[in-house]
Student: 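Following this message is one structure expressed as structure tokens.
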Amino acid sequence: MTLQAERATAASAAGPAPAPAPARPGRPWPRLDALAYGADYNPEQWPEEVWAEDVELMRQAGVNLVSLGIFAWALTEPEPGRFEFGWLDRVLGLLHGAGIGVDLATPTAAPPNWFLAAHPHVRPVTADGVALGGSSRQTYCPHAPEYREACRRIAGALADRYAGHPAVLMWHVHNEYGAPTAECHCPASVEAFRSWLRARYGTLDALNAAWSSTFWGQQYSAWEQLDTPRRTPMADVNPGHRLDFQRFTSDSLLALYTDQRDVIEDRLERAGRADVPVTTNFQLINCKSVDFWAWAREVDVAANDHYLAAERPDNHVELALCADFTRSMGGGAPWLLMEHSTSAVSWQPRNLAKRPGEMRRNSLAHVARGADGAMFFQWRASRGGGEKFHSAMLPHGGTRSRIWREAVALGAELAALREVQGSTTVADAALLWDWESWWALEQVFRPSVDLDFKERQLAYYEQLWRGHVTADLAHPSADLSGYKLVVVPQMYLCRAQWAENLRGYVRGGGTLVVSYFSGVVDEDDAVYLGGYPGALRDILGVSVDEFLPLRADWTVGLAGPALDGSGTGTGTVWAEAVELLGAQSVLSYVDGPAAGGPAVTRHRFGAGTAWYVSSRPDPATLREILRRAAADAGVAFDSETPDTLELVRREAADGTGYLFAINHGDTAVAVPERAVSAPERHEGPGHPPGRADLLTGETFAGPVEVPPGGVRVLRLLKR
Ligand code: GAL
């Protein structure tokens, strides 16, 4: 037995993007007295006799939270309006009896076949006009009123029954909105898009102006002429049209979430359980269709699903970025790793298994970066269906397997880290990330196909990571005053208020690093005139006359006093004709189309400093640029400690620090003294002397080594 839809009316009008706020205040963490540990639990895939064994093994593994019912719509509502709760009652009872909490899901990511058969027009329609099929999951149009109604109904029925259930510690709405179902081009979607545009612009004149519709004579003279952006004879539709459709799609999906959340909250309040959090699981950074900053305001607990790019040897760096991002979504508060994998996934081209110890490093790296729990997809590996070769806590081989042994050991370690719960990760730097800019940058009409939002984000993040600098991710309108260093890897679209925010930040003494092709257009994708990067020219002290994108096989030389050693580096993908308007050149182009001109510049602006990087430097050069910018900012950029050692600090309200030292290499590495000496230590009441490794119980009077592939969590005693 396994899984199993409809249409919603679109949504909210989007005004100017407001500054993201942390997750909603006053909403506590699920009532757990330890870090959360568990998985998606799909008992509906198994005969009932297996459930008791499941619960017993969960206890052995130290599981204290499971996500239940995520794809169980067809079982819970086998026909319209008829609910079968018996099975859920029994599973909840068993779990509760074993002291295991439940994160109860609404199953709306898997509409039942009866629903699709009754409402065939709820299937999503592609830009080519193809209606997608069922026999899978995620088959729904976000704008189909029948789907939206059915979602409210099932969420309401579940919450009516279980809002007061003592096992239910959290609510999990849907599963991974936007991944993959997002845009739809059916008639209901067209209608919804028109309503959204009316609400946004009020008049067609305003819409025509925002979309630069005079270009190719594409003015609209009636709302009925507006359509979703379909395939066109040219490469794509008007960029303003495309950008608004992406904003609209994100808003529509968010409305589906808030619909259900409101229904559940209403029932929680009535049951006297308003302290139970409601959330949904994000798919940062792979889900481009959803602006998660807007979502972050609507969830009680930031939660993410993370899967490694299995074939990338340094995939733990991208893991760290996603973890830092989720923490930032929650405004720095503890967050939940809702899903990751114990070993291989089943949907990449080559699903490499994790090597012994890798799952442990992955899980603990998330905890280091602020997760107060590590959960997996899934508890027991499926026998059939599309994910039968996906790893699980309990593999097909059962408890005789390495993965099971590692899962049990990890459960014990997370229990030993109980005191870390509630502490927060310390970050000196921030990278700015914004979905509107991502959407606008990666449209078809642009100077180079090599412009790649995520690539730049990851490239800058990686060099900070290798320099042992912990970073938050921030929205461009966020209060940046708490950061010594702010990096803008890619911000092609820059609202005027964002530029003003950066201006104030640098004037006030901050250090800013901006990469190429940022600050070029406003929120309507219209170019700021007078020289690029129009929105940021004064801050950076440069003006760019012309973009000079490079051929795919082109490498240009970069040279200057900013580089130690050979004094040379290289750039690829992009170059610019940069004119200095107050900035100093720290690296110039040796050859290529911008030969002799400045490539990397530094500008004193107010009490701060702004760096501009007009090419894609090789990794070593980028690292050196960031090291120098970090020196301007007073941020410790540690190039001495091997970059195989990940170092992250959490800090409790009472000042106790926890240093997570994760060795991704195959030789032992010593933890640098500077990392353990801040904050100062002394022997406090209740604390053993010296540096204590919470995982092993060992204490160290002197230097601490982290074994190859190992992890230490050192308690740094409070002042
Ligand atoms: C996630 C999804 C899970 C499962 C998992 C497999 O994206 O939420 O339901 O499909 O991928 O890796």
Side-chain angles (χ1 to χ4, degrees), residues 2-4 38-46 65-75 103-111 135-140 170-182 253 256-257 279-290 292 295 299 301-312 315 318-319 322-323 325-326 335-354 358-359 362-363 366 371 373-396 403 407:
T2 34
L3 344 165
Q4 292 20 300
D40 284 14
Y41 180 36
N42 299 307
E44 68 277 17
Q45 296 179 9
W46 297 92
L65 188 69
V66 293
S67 302
L68 186 66
I70 298 181
F71 301 114
W73 193 343
L75 192 63
D103 169 35
L104 190 59
T106 66
T108 50
S135 189
S136 182
R137 67 181 188 193
Q138 298 277 1
T139 305
Y140 66 88
M170 180 156 69
W171 286 79
H172 178 301
V173 174
H174 198 87
N175 191 65
E176 294 184 341
Y177 278 105
T181 302
L253 293 168
L256 291 181
Y257 166 74
T279 194
T280 185
N281 47 343
F282 296 168
Q283 250 259 23
L284 294 162
I285 60 174
N286 293 319
C287 185
K288 183 177 168 187
S289 54
V290 169
F292 285 117
W295 291 61
V299 297
V301 170
N304 197 43
D305 297 349
H306 183 267
Y307 292 96
L308 293 175
E311 291 188 71
R312 251 188 106 132
N315 49 23
E318 193 254 15
L319 179 157
C322 291
F325 210 161
T326 321
W335 56 277
L336 185 61
L337 175 63
M338 190 69 90
E339 295 177 19
H340 69 318
S341 67
T342 56
S343 187
V345 299
S346 57
W347 42 266
Q348 295 185 12
R350 280 164 291 275
N351 295 295
L352 272 56
K354 291 189 181 177
E358 191 174 356
M359 171 187 87
N362 293 164
S363 305
H366 285 286
M375 316 258 293
F376 292 102
F377 175 85
Q378 61 180 332
W379 162 249
R380 185 187 276 273
S382 308
R383 281 197 72 195
E387 293 184 329
K388 58 183 170 298
F389 296 121
H390 196 292
S391 60
M393 292 180 77
L394 187 60
H396 290 147
I403 291 178

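Small disclaimer: the values here were computed from a predicted structure and weren't measured. Both counts, for ligands and for their atoms, begin at 1 and track the order of listing. The basis for the numbers below is simple: all heavy atoms, side chains too, and nothing from hydrogens, waters or symmetry mates.
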Student: Is there a side-chain contact between Pro180 and Gln138 (heavy atoms, below 4.5 Å)?
Tutor: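 Yes, at least one pair of side-chain atoms sits under 4.5 Å.
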
Student: Kindly write out the residues that satisfy ring pair (Phe, Tyr, Trp, His ring centres under 6.0 Å) with Phe325, not counting sequence neighbours, or none if the list is empty.
Tutor: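 Trp293, Trp433, Trp435.
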
Student: Report the residues that fulfil ring pair (Phe, Tyr, Trp, His ring centres under 6.0 Å) with His172, sequence neighbours left out, ordered by chain and then residue number.
Tutor: none

Student: What distance do Asn286 atom CG and Asn304 atom CG have between them, rounded to the nearest 0.5 Å?
Tutor: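 If we round to the nearest 0.5 Å, Asn286:CG and Asn304:CG are 9.0 Å apart.
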
Student: Just distance, no hydrogens or angles: give the donor-acceptor pairs under 3.5 Å from side chains in residues 381-388, sequence neighbours left out.
Tutor:
residue, atom, partner, partner atom, Å
Ser382, OG, Gln45, OE1, 2.8
Ser382, OG, Gln378, NE2, 2.8
Lys388, NZ, Gly385, O, 3.4

Student: Kindly compute the distance separating OH (Tyr307) from CG (Asn362), expressed to the nearest 0.5 Å.
Tutor: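 CG of Asn362 is found 12.0 Å from OH of Tyr307.
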
Student: Check ligand 1 against the protein and report each N/O to N/O distance under 3.5 Å, formatted as atom name, atom name, distance.
Tutor:
residue, atom, partner, partner atom, Å
ligand 1, 7 (O), Glu176, OE1, 2.6
ligand 1, 7 (O), Glu176, OE2, 2.7
ligand 1, 8 (O), Asn175, ND2, 2.8
ligand 1, 8 (O), Glu176, OE1, 3.3
ligand 1, 8 (O), Glu176, OE2, 3.2
ligand 1, 8 (O), Glu339, OE1, 3.0
ligand 1, 8 (O), Glu339, OE2, 2.9
ligand 1, 9 (O), Arg137, NH1, 3.0
ligand 1, 10 (O), Arg137, NH1, 3.2
ligand 1, 10 (O), Arg137, NH2, 2.9
ligand 1, 10 (O), Glu387, OE1, 3.1
ligand 1, 10 (O), Glu387, OE2, 2.5
ligand 1, 12 (O), Trp347, NE1, 2.8
ligand 1, 12 (O), His390, NE2, 2.6

